[in-house]
Amino acid sequence: MEKEKIKQAAEMIEKADYPVVLTGAGISAESGVPTFRGKSGLWKKYDPEAAVSISGFRRDPEPFWNFAQELLLEHDVQPNPGHIALAQLEDLGLIELVITQNIDFLHQRSGSNKVLELHGTLNKATCLNCNKKYDWEDLVPVIKAGKIPECDNCKSSKIKPDIVFFGERLPEAALNQAWEAAERSDLMIVIGSSLAVYPVASLPAVTQDNGGKLIYINADSGQQDYLFDLIIQGKAGEILPEILKIIN
Ligand code: NAD
Ligand code: ZN
């Protein structure tokens, strides 16, 4: 592994006044959450228009629930050492905020408290017809049985997870908070994101424009490698615990 670079990252994190983290699908890959793009990505199997667009969901929610089952239930998804190391860095006062594009709520499950979910979360859902709220836990038995969740209040089959579907806006309050944090931050650590999906992919440049430094921890090269002060290529679940070990 890239020992020298890992040491350098640890030093940058300890020195920073307001370090923030930006995560993408890559940090959950070692938990068994399939990615969307790439060879075995879910878009090879599901049509995004049918599975995760708001118009598709209103038409027929079944493709979405099949997709959700494969995303989180088929592999008994649990937080991995990368998520856990980030939660421990927050405990040490070394991470101010985790901004995530993920909808899998693994940061919260591993103990991170300060998390901004820019693409929403699968952890909660709302009936589009009567607004009754549901937790993921309430829906799991139904999805596992291969059925479509039905509202026990109004019998509608349109229980919509609180994720941002294609065709919907990002949550404005969370987006504003992320922008402010990026402006204020003197160090942003981007982990497991190709930085291809906007507007989130603009955040590292916001930090840099305000004089902050940038670290990239990713398995492959991404869309914006030229921005970064330090790039550590490899698995988040191996690199983050190494950084934590040096700090401890
Ligand atoms: P992306 O698929 O565009 O990029 C993922 C990046 O992670 C890739 O560059 C890849 O090289 C890297 N990667 C893969 N395994 C890694 C590992 N073990 N350690 C470090 N890096 C690794 O993902 P994105 O940038 O998050 O954008 C995808 C969109 O899909 C987002 O909008 C997100 O909401 C959504 N998504 C979410 C989940 C989830 O909730 N876990 C999963 C898939 C996609
Ligand atoms: Zn209802």
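Since the structure is predicted, the reported quantities are computational estimates derived from the model, not experimental observations. Both ligands and their constituent atoms are indexed starting at 1 by order of listing.
When hydrogens are left out, the protein atom nearest atom 9 (O) of ligand 1 is N218 ND2, 2.9 Å; that is the closest non-hydrogen contact. In this structure, the protein non-hydrogen atom closest to atom 37 (C) of ligand 1 is N102 OD1, 3.7 Å. What sits closest to atom 35 (C) of ligand 1 on the protein, heavy atoms only, is F36 CE1, 3.3 Å. If you check which protein heavy atom lies closest to atom 5 (C) of ligand 1, you get G192 O, 3.5 Å. At the shortest separation from atom 27 (O) of ligand 1 among protein heavy atoms lies R37 NH1, 3.7 Å. Scanning the protein for heavy atoms near atom 14 (C) of ligand 1, the closest one is G26 CA, 3.8 Å. Nearest non-hydrogen protein atom to atom 22 (C) of ligand 1 is A219 CB, 3.4 Å. If you check which protein heavy atom lies closest to atom 18 (N) of ligand 1, you get E30 OE2, 2.8 Å.
A salt bridge links E70 to K45: at least one charged side-chain nitrogen sits closer than 4.0 Å to a carboxylate oxygen. Contact check on E168 versus K160 returns a salt bridge, with a Lys/Arg side-chain nitrogen under 4.0 Å from an Asp/Glu carboxylate oxygen. Electrostatic pairing of E49 and R59 counts as a salt bridge here, judged by a charged N lying under 4.0 Å from a carboxylate O.
In this structure, S185 contributes its side chain and L187 its backbone to a donor-acceptor pair below 3.5 Å. The backbone N or O of G212 sits nowhere less than 3.5 Å from a side-chain atom of D186 that would complete a donor-acceptor pair.
On a distance-only criterion, S221 and ligand 1 share no N/O pair closer than 3.5 Å. Every N/O-N/O distance between K235 and ligand 1 stays at or above 3.5 Å. Some N or O of D104 is nearer than 3.5 Å to an N or O of ligand 1, by distance alone. In terms of polar-atom proximity, G24 is not counted as a contact of ligand 1, lacking any N or O under 3.5 Å from an N or O of the ligand. At least one N or O atom of A25, backbone or side chain, sits closer than 3.5 Å to an N or O atom of ligand 1. The shortest N or O to N or O distance between T35 and ligand 1 is not below 3.5 Å. For I217, no nitrogen or oxygen atom sits less than 3.5 Å from a nitrogen or oxygen atom of ligand 1, counting backbone and side chain alike.
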Would I189 and L86 count as a side chain to side chain contact (heavy atoms under 4.5 Å, CB included) here? Give the steps. CA-CA 11 Å; I189 309 150; L86 285 183; over 6 Å; no
Starting from the C-alpha separation in whole Å, work towards a yes-or-no answer on side chain to side chain contact (heavy atoms under 4.5 Å, CB included) for S55 and F165. CA-CA 9 Å; S55 50; F165 277 76; over 6 Å; no
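Residue contacts with ligand 1 for H119 involve side-chain atoms from C-beta outward but no N, CA, C or O (heavy atoms, distance under 4.0 Å).
Counting non-hydrogen atoms of neighbouring residues, nucleotides and ligands closer than 6.0 angstrom, the CZ atom of R184 reaches no more than 12 such neighbours. Other residues, nucleotides and ligands place more than 12 heavy atoms under 6.0 Å from the NZ atom of K132.
Ligand 1 places these atoms under 4.0 Å from at least one heavy atom of A236: 17 (C), 19 (N), 20 (C). Atom numbering of ligand 1 starts at 1 in the shown order; those under 4.0 Å from a heavy atom of A29 are 15 (N). Heavy-atom proximity to V33, at under 4.0 Å, picks out these atoms of ligand 1: 41 (N). Heavy-atom proximity to S28, at under 4.0 Å, picks out these atoms of ligand 1: 41 (N).
Aromatic pair F57/F67: centroids not less than 6.0 angstrom apart.
With sequence neighbours left out, N129 forms a side-chain contact (heavy atoms from CB on, under 4.5 Å) with C127, C154, S156.
Screening the protein for N, O or S atoms under 2.8 Å from the Zn ion (ligand 2) yields 4; no waters enter the count.
The shortest separation from a heavy atom of P34 to ligand 1 is under 4.0 Å, placing the residue in contact. Note on ligand 1: G234 sits in its first shell, one or more heavy atoms being nearer than 4.0 Å.
Between F105 and W136, the two ring planes are perpendicular [angle over 60°; tilted spans 30° to 60°].
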